[in-house]
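Reading through the structure tokens given below for one structure.
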Amino acid sequence: KGLSNIINMRDFQSAAEELCTKVGWAYYASAADDEITKEENNTDYKKIRFRPRVLRSVKEVDASTKILGYDSTIPLWISPAAMAKLGHPDGEINMTKGAASTGIIQCISSFASCSIEEITSARTANQPLFFQLYVNSKRNLAKDVISKINRLGLNAILLTVDAPVGGKRERDIRVKGEFEAPKTKAFDKQGDTKGVSETLFSAVDPDLNWNDLKWLKEQTDLPIIIKGVQTVEDAVQAYKLGADGVILSNHGGRQLDTTSTGISTLIEIRKHAPFLLRPAHRIPTGPSKELIENPDKLVPSIPTTEKPLERKFSIFVDGGIWRGTDVVKALCLGADAVGVGRGFLFAQTVGGVQGVEHAVKIFQSEIESTMRLLGATKLDDLRPSMVDIVN
Ligand code: FNR
């Protein structure tokens, strides 16, 4: 089957399921416990309705943006996901090349199956790459990784904080006897028959705490984004302690089951700490009084009393993003950009580099047509008044 039969991201999922080994599929598809959060990552987007504005002249549309100062053709990056080689022999390099040719950003997992050196030598000149960090319990090993990231010229660090231990992933446990650890750095101290996730997480430091953010800032000048924030309190804490942003994420439902979803945490921030958002997004969802009085306008004006934050703080969301409509909803509610994990693992499994490129094109075309149907021609037009949350 060629890529022409793949018309949406879920098509990649069903094609990947046919192609993957039992172990590979269990690792990619699995989530914690009853997989309730994995499911809610999808259903929470369905509780958000659009409020499109019509007759807005939407011939030209531009979905491009900057993420931490780097150009991106769409407001979406490749979330860091381990072990791409379980789906395709070229692994993460498929994403590096596909991200370069389509102009989006790849975030590399600490547990990537290609080495950082292999990935950075496959990148084009000036191609931005972000690195996801798990802090090893042996701090000298963690320091080595960070100095390598600095030396190789990566562009941001995403510190994953929702995984002091691995979640209980039962699909993985059921096939663990069949898993043979590949010969990569991440598996140095293993060799027995633990499942994929159990093997990986044995190197992560469960003692990591907020004081370590200060330690990490001493090791690098790169922007630091905290990945795996699930409450408004922790988002505020991340801002106060000097992080450059947060990723509202529950790790694709793979860690704590029945936790909040990225999009619901964004809604919680809107309610309890709107100062973290850009001023234009601190307004309520639903009908706007100002726009009822001035229906010729598209977006409400920013109240003059609203000041930007003292320093830039980015808010990203991931988990359950399968459609352009999901991306646009997150941006209306105030996210700077979103991440996609499984979608890109499946895309590279099915089509290697071309699979990744095809996935970006699918998202780009869905995002652009959603914007047109919503009456928006640039990302800056996307405001809370364009959505409403149904209970
Ligand atoms: C992940 N994720 C992840 N996150 C991280 O910080 N480090 C990692 O090594 C991994 N590895 C990983 C492997 C696999 C197979 C999956 C599916 C996910 C989580 C990932 O970055 C992201 O948060 C979720 O994948 C987003 O949810 P969706 O897009 O998969 O629904």
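We count ligands from 1, going down the list as the structure has it; atoms in each ligand are counted the same way.
When atom types are taken as modelled, the side chain of Ser385 and the backbone of Gly286 share no donor-acceptor pair closer than 3.5 angstrom. For the pair Arg270 (side chain) and Ile283 (backbone), a donor-acceptor distance under 3.5 Å is present. Between the His272 side chain and the Val232 main chain, no donor and acceptor come within less than 3.5 Å of each other. Counting only distance, with no hydrogens or angles, the side chain of Asn294 and the backbone of Asp296 share no donor-acceptor pair below 3.5 Å. Checked by atom type and distance alone, the side chain of Gln348 never pairs as donor or acceptor with a backbone atom of Val353 at under 3.5 Å.
Between Phe344 and Phe12, the distance separating the two ring centers is not shorter than 6.0 angstrom.
Interface atoms of ligand 1 facing Val340, defined by a heavy-atom separation under 4.0 Å, are 29 (O). Shown in contact with Gly319 at under 4.0 Å from a heavy atom are these atoms of ligand 1, numbered in order with element: 26 (C), 27 (O), 31 (O). Atom numbering of ligand 1 starts at 1 in the shown order; those under 4.0 Å from a heavy atom of Ser79 are 21 (O), 22 (C). Within ligand 1, the atoms closer than 4.0 Å to a non-hydrogen atom of Gly320 are 28 (P), 31 (O), numbered from 1 in the order shown.
Between Gly343 and ligand 1, not a single N/O pair is under 3.5 Å apart. Distances between N or O atoms of Asp318 and those of ligand 1 include at least one value under 3.5 Å. Looking at Thr160 next to ligand 1, an N or O pair under 3.5 Å apart turns up. At under 3.5 Å, not a single nitrogen or oxygen of Tyr28, backbone or side chain, sits near a nitrogen or oxygen of ligand 1. Inclusion of Ala82 in the set of residues having an N or O under 3.5 Å from an N or O of ligand 1 is warranted. Polar contact with ligand 1: present for Gln132 (N/O pair, distance under 3.5 Å). Of the polar atoms of Lys227, at least one N or O is found under 3.5 Å from an N or O of ligand 1, judged by distance alone.
Protein heavy atom nearest atom 9 (O) of ligand 1, with residue, atom name and distance: Ser109 OG, 2.7 Å. Looking only at heavy atoms of the protein, atom 29 (O) of ligand 1 is closest to Gly341 N, 2.8 Å. Considering only non-hydrogen protein atoms, atom 17 (C) of ligand 1 sits nearest to Arg342 CG, 3.3 Å. With respect to atom 24 (C) of ligand 1, the closest heavy atom belonging to the protein is Gly252 N, 3.6 Å.
The shell of residues lying under 4.0 angstrom from ligand 1, judged by heavy atoms, includes Ser249. At least one heavy atom of Pro80 sits closer than 4.0 Å to an atom of ligand 1. At a 4.0 Å cut-off, not a single heavy atom of Ile321 sits close enough to ligand 1 to count as contact. Residue-ligand proximity: Asn41 is placed with every non-hydrogen atom at 4.0 Å or more from ligand 1.
Residue contacts with ligand 1 for Ile247 are absent, since no atom lies close enough (heavy atoms, distance under 4.0 Å). Of the heavy atoms in Met83, none comes closer than 4.0 Å to ligand 1.
The shortest heavy-atom contact between Ser72 and Ile104 is OG-CA, 3.9 Å. Taking all atoms of both residues into account, the shortest heavy-atom contact from Leu291 to Lys297 is CD2-CB, 3.7 Å. In this structure, Glu92 and Cys114 approach most closely via the heavy-atom pair OE1-N, 3.0 Å. Scanning both residues, Glu118 and Ile93, for their nearest heavy atoms gives O-CD1, 3.4 Å. Shown here for Tyr45 and Gly319, the closest heavy-atom pair between the two residues is CE1-O, 3.7 Å.
In this structure, Arg254 forms a cation-pi arrangement with Tyr27, its terminal cationic atom sitting closer than 6.0 Å to the ring centre and no more than 45° off the ring axis.
Here atom 19 (C) of ligand 1 lies nearest to His251 when heavy atoms of Gln255, His251, Lys38 are compared.
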Please tabulate, for the side chains in residues 219-229, all donor-acceptor contacts under 3.5 angstrom to protein atoms that are two or more places apart in sequence or on a different chain.
| from | atom 1 | to | atom 2 | distance (Å) |
| --- | --- | --- | --- | --- |
| Gln219 | NE2 | Trp215 | O | 3.3 |
| Thr220 | OG1 | Asn150 | OD1 | 2.8 |
| Thr220 | OG1 | Leu222 | N | 3.0 |

